[in-house]
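Structure, as structure tokens:
Sequence lines set the chain letters: A, B, ... in the order given, protein chains first and strands last, and positions in each chain run from 1.
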Amino acid sequence: MAKRFFLTTAIDYPNSRPHIGTAFEKIGADVQARYRRMEGYEVFFLMGNDENTIKVARRAQELGEGVQAYCDRMAGEFKEVWAALGISNDDFIQTSEARHHAGCRAFIQKVYDAGYIYKAGYEGWYCDGCEAFKTEKELEDGKCPAHKVPAVRRKEDCWYFALSKFQDKLLAFYEANPDFIEPESRRNEVMNLVKTELLDVNITRSGQDWGIRLPWDERFTIYVWFDALLNYITAAGYGSDMDRFGKWWPADLHVIGKDITRFHCALWPAMCMAAGIAPPKRVFGHGFVYIKSGQETVKISKSLGTLVEPMDILRKFSAEAFRYYFLRECPFPGDGEFSWKRFADLYNSDLANNLGNLYSRVTGLVGRNFGAVLDGTAGRRAVLPVGEISRAELVARYRQQVESLHYNQALATLWQGVLVPANQHAEKMAPWSLVKTDKAAAAVVLHDLVEAVRVAAVLLKPFLPKLAATLYGGFNFAKPFEAVSTADALESPILPEDTRVIAELVGGKVAPLFPRIDLEADTKE
RNA sequence: CGCGGCGUGGAGCAGUGGUAGCUCGCCAGGCUCAUAACCUGGAGGUCGUAGGUUCAAAUCCUGCCGCCGCAACCA
């Protein structure tokens, strides 16, 4: 029986380019996808863009582009960024695609047939500029703050989803599935919401050209959330390939931003129940990235000029450095901050000085003193230098932390449990001196240090895949890197031949993996 | 009293009853294989605050102060 893991990220509005906040979510989901693959799961990792919104249509018009052409162009730009970051998604759905339209209409028809959608009038303040209803709170002196024109009273028919009918079922569902909403604080928030004010929601708009039409009333298009959430099932085959859908659904994990928790934890499971399919198994609401400028911590915002594009960082450094910063510095369940100063500090201390330098010194010692081959290590099982916790405990802790999406802690575990002890061991045994008096003993020390590099590569595989491959590929380990799983960190392998460095050595040394950053010289805009 | 979360050395975080810990930064030594990297030691905290429970509280309870999130289209 194959183990399967279906995970998703939120789909993004393509009316502006992705920034480091959206990238944070994709990286976090990517680690989980890579980890699950490494653990032997058959993985379906889904991402996409949310295109059936009036904002997108308007943006396309502003640019004088066809809406579909605009969506396709933006989808291309998003995919380019995700590829540059090493995101390993298996599919990328655009909600303007035929498969989504078909699945969406099939789903909503099912909910309609089940009696959970009804027609009613909606009356409210309407802004012609926004082409949308506004709440009393959004208006300033009866005017729309964006367009400065008075809102008009308007009444129109629309279709409602009877969300309120699902109050008891949702609460029972949360009780039965305590891990459904994570982290814990989000769970309390949603449960309180469902207990107190679960209102029916308007799920249609009228007079729109762009969007998906109601199957039974073509005058209406389906309003954002009722359409967007469905990407999770339409991409899995709902409405087009039900066998495939049955294979993947329910999703094992939805990775989303904390701001849209309510839609995923209340509306979405209710929609599933209404359509007769199982709700997803787990929703994880991650924190946000803020920008630190001077003493202030501010929101990422185009108008504030605090927008940092992933490509800015990627061009200057590397995808691996980018991934490391956000995964190590920002706790995934909570909020984090970005600043170039902090980026440089972390990069230099963790990646250049600690990890990169360990690799350099180990390969260098083997290269220059042993002609790259550690004689006599064939058949020997290396001993991993460890710190305060044992090797087994280290791996168990790592697993628990990765599976619960506490990535910053998992990386701390790796550094404290493997890399720091390795550098300490090197210092204590001083193989550079030992080699002059007892070459065989020095070979043993280096063999153990190589093991530390190997374990680091194994545990780094979901986090920094390219770097991990480079580290691992620096030596003649028998097992192909693609086949490596977490369990390979538990025990040292016994090689039939002597351990040797196969990375390219120039003058007995490797090129630095992470050249140190000089903040002054490198990050000036 | 709308609901919820948070408050630990300069910064960022662990730590849910038993001598306060990690990373960065700072200071002083050591080493010199390595990317001026690495290793050791040190300074720096009345764990927001005031009470309570307990032999023992950062940890459990209560009040207060401060910051933040949510209150239906916001990554």
Side-chain angles (χ1 to χ4, degrees), chain A residues 9-13 16 18-26 50 53-55 132-133 135 137 163 183-193 195-202 223-228 256-263 266-267 285-289 292 295 299-301 328-331 334-337 339 341-342 345-346 348-369 388 406 408-409 411-413 415-416 420 422-428 430-435 442 446 449 508-517:
Chain A
T9 61
I11 52 177
D12 300 303
Y13 288 133
S16 62
H19 55 67
I20 56 175
T22 50
F24 182 50
E25 171 176 301
K26 315 309 173 196
D50 183 6
T53 144
I54 188 161
K55 286 179 188 169
F133 283 99
T135 61
K137 216 175 72 180
L163 178 59
E184 183 81 25
S185 58
R186 303 279 151 229
R187 177 183 163 80
N188 298 334
E189 191 179 307
V190 170
M191 288 189 65
N192 181 56
L193 168 83
K195 275 180 197 158
T196 57
E197 45 178 331
L198 202 64
L199 304 176
D200 290 351
V201 290
N202 176 3
Y223 206 9
V224 180
W225 283 106
F226 214 90
D227 152 6
I256 59 161
K258 63 182 184 180
D259 56 328
I260 51 176
T261 308
R262 57 182 45 225
F263 301 108
L267 176 61
H286 64 76
F288 282 174
V289 175
K292 190 157 195 177
Q295 294 296 312
K299 216 177 165 175
I300 294 176
S301 153
R328 176 65 244 257
E329 181 66 7
C330 307
D335 296 337
E337 296 175 348
S339 74
K341 167 82 168 74
R342 183 69 190 141
D345 284 349
L346 198 66
N348 282 337
S349 68
D350 285 8
L351 296 178
N353 297 351
N354 206 315
L355 174 61
N357 184 54
L358 176 69
Y359 179 72
S360 291
R361 67 196 308 202
V362 171
T363 50
L365 283 163
V366 178
R368 294 211 277 182
N369 295 301
E388 290 182 358
H406 286 70
N408 62 328
Q409 292 179 21
L411 287 170
T413 297
W415 255 254
Q416 290 310 303
V420 169
N423 273 319
Q424 288 170 333
H425 187 67
E427 199 66 24
K428 185 178 162 206
W432 49 89
S433 306
L434 193 57
V435 72
L446 289 170
L449 291 176
K509 301 159 88 169
V510 293
L513 296 175
F514 295 101
R516 284 176 58 84
I517 293 176

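A:Asp12 has its side chain within reach of A:Lys26: a pair of non-hydrogen atoms, C-beta onward, lies under 4.5 Å apart. Side-chain atoms of A:His19 and A:Val289, non-hydrogen and from C-beta on, never get closer than 4.5 Å to each other. When side chains are defined from C-beta on, A:Asp350 does not count as touching A:Phe514, because their heavy atoms never get closer than 4.5 Å.
Nucleotides B:U62 and B:A57 have their C1' atoms positioned 15 Å apart, rounded to a whole Å. Rounded to a whole angstrom, the distance from the P atom of B:G21 to that of B:G30 is 27 Å. Taking atom C1' in both B:C67 and B:U49, one finds a spacing of 15 Å when rounded to whole Å. Across B:U16 and B:G48, the matching P atoms stand 15 Å from one another, rounded to whole Å. B:C22 and B:G63 are spaced 35 Å apart, taking the P atom of each and rounding to whole Å. Distance check on atom P: B:C1 versus B:C64 gives 14 Å, rounded to whole Å. Of the P atoms belonging to B:G9 and B:U59, the separation is 15 Å, rounded to the nearest Å. Distance check on atom C1': B:G51 versus B:A43 gives 34 Å, rounded to whole Å.
OP1 or OP2 of B:C31 has not a single side-chain nitrogen or oxygen of A:Lys428 nearer than 4.0 Å. Side-chain nitrogen and oxygen atoms of A:Arg516 include none within less than 4.0 Å of the OP1 or OP2 phosphate oxygen of B:A36. Contact annotation: A:Tyr359 side-chain N/O to B:U35 OP1/OP2 distance is not under 4.0 Å. Regarding contacts with the backbone of B:U40, a side-chain N or O of A:Gln424 is found under 4.0 angstrom from either OP1 or OP2.
In this structure, the nucleotide among B:C33, B:C39, B:A75 sitting nearest to the side chain of A:Arg361 is B:C33. Side-chain proximity of A:Asp350 to B:C31, B:A72, B:U23: nearest is B:U23. Relative to the side chain of A:Asn353, the nucleotides B:U23, B:C38, B:A75 differ in distance, and B:C38 lies closest. Closest to the A:Asp259 side chain, of the nucleotides B:C22, B:A75, B:G12, is B:A75. When the nucleotides B:A75, B:A72, B:C33 are ranked by their closest atom to the side chain of A:Val289, B:A75 comes out on top. Closest contact between the side chain of A:Val201 and the listed nucleotides B:A37, B:C33, B:A72 involves B:A72. Minimum atom distance to the side chain of A:Gln409 is reached by B:A14, of the listed B:U35, B:A14, B:A72. Between B:U35, B:C22, B:C24, one nucleotide has an atom nearer to the side chain of A:Ser349 than all others, and that is B:C24. Listed candidates were B:U35, B:A75, B:C39. Nearest to the side chain of A:Phe514 is B:U35.
The distance from atom CD1 of A:Ile260 to atom C1' of B:G69 is 15 Å, rounded to the nearest whole Å. B:C31 atom P lies 18 Å from atom CG of A:Leu365, rounded to whole Å. Separating the CG atom of A:Asn423 from the P atom of B:U35 is a distance of 13 Å, rounded to the nearest angstrom. Between A:Phe288 atom CZ and B:G5 atom C1' there is a gap of 15 Å when expressed in whole angstrom units. For A:Asp345 and B:G10, the CG to C1' distance is 13 Å, given to the nearest whole Å. The distance from atom CG of A:Leu193 to atom P of B:A72 is 9 Å, rounded to the nearest whole Å. When the C1' atom of B:C74 is taken as reference, atom CH2 of A:Trp225 falls 9 Å away, rounded to whole Å. What separates CH2 of A:Trp415 from P of B:C24 is a distance of 12 Å, to the nearest Å.
Among the atoms of the strands shown, base atoms are found under 4.0 Å from some heavy atom of A:Ser360. Among the protein residues, A:Leu267 comes within range of no part of the nucleic acid, since none of its heavy atoms lies under 4.0 Å from any strand. In this structure, A:Lys55 reaches the sugar-phosphate backbone alone: every heavy-atom distance under 4.0 Å involves primed, P, OP1 or OP2 atoms, never a base. No engagement by A:Lys258 is indicated, since no non-hydrogen atom pair under 4.0 Å with the nucleic acid exists. Within the 4.0 angstrom heavy-atom criterion, no nucleotide atom of any strand lies near A:Leu446. Nucleic acid contact for A:Ile20: none, since no nucleic acid atom lies under 4.0 Å from a heavy atom of the residue. Here A:Gly356 lies in heavy-atom contact (under 4.0 Å) with a base. Across all strands, A:Ala10 comes closer than 4.0 Å to no nucleic acid atom at all (heavy-atom distances). At the heavy-atom level, A:Ile256 lies nowhere under 4.0 Å from the strands shown.
A salt bridge links A:Glu329 with A:Arg342; the closest basic N to acidic carboxylate O contact falls under 4.0 Å.
A donor-acceptor pair under 3.5 Å links the side-chain atoms of A:His286 to the main chain of A:Ile256, judged by distance alone. In this structure a side-chain-to-backbone donor-acceptor pair under 3.5 Å is missing from A:Asp50 to A:Tyr13.
Both geometric conditions, a ring-centre gap below 5.5 Å and a plane tilt below 30°, are not fulfilled together for A:Phe263 over the base of B:A72.
Here B:G2 sits opposite B:C70 as a Watson-Crick or G-U wobble pair (both hydrogen-bonding atom distances under 3.5 Å). Nucleotide B:U62: paired with B:A50 (Watson-Crick or G-U wobble, both distances less than 3.5 Å). Across every strand in view, B:G29 sits in a pair with B:C39 that passes the Watson-Crick or G-U test at under 3.5 angstrom. B:G10 is paired with B:C24 under the Watson-Crick or G-U wobble criterion, all donor-acceptor distances under 3.5 Å.
Heavy-atom nearest nucleotides on RNA chain B were determined for A:Asn357 and for A:Arg342, and the one closer to the 5' end corresponds to A:Arg342. For A:Thr22 and A:Val420, each mapped to the nucleotide of RNA chain B holding its nearest heavy atom, the one lying further toward the 5' end belongs to A:Val420.
Summarising the geometry of A:Asn408 relative to A:Cys330, their closest heavy-atom pair is CB-O, 4.4 Å, with the distance given to 0.1 Å. Counting all heavy atoms, side chain and backbone alike, A:Leu163 lies closest to A:Ala266 at CD1-O, 4.2 Å.
Side chain A:Glu427 to base B:G30: a donor-acceptor pair is found below 3.5 Å.
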Residue pair A:Leu355, A:Trp415: steps toward the side chain to side chain contact (heavy atoms under 4.5 Å, CB included) verdict: CA-CA 8 Å; A:Leu355 174 61; A:Trp415 255 254; 4.0 Å; yes
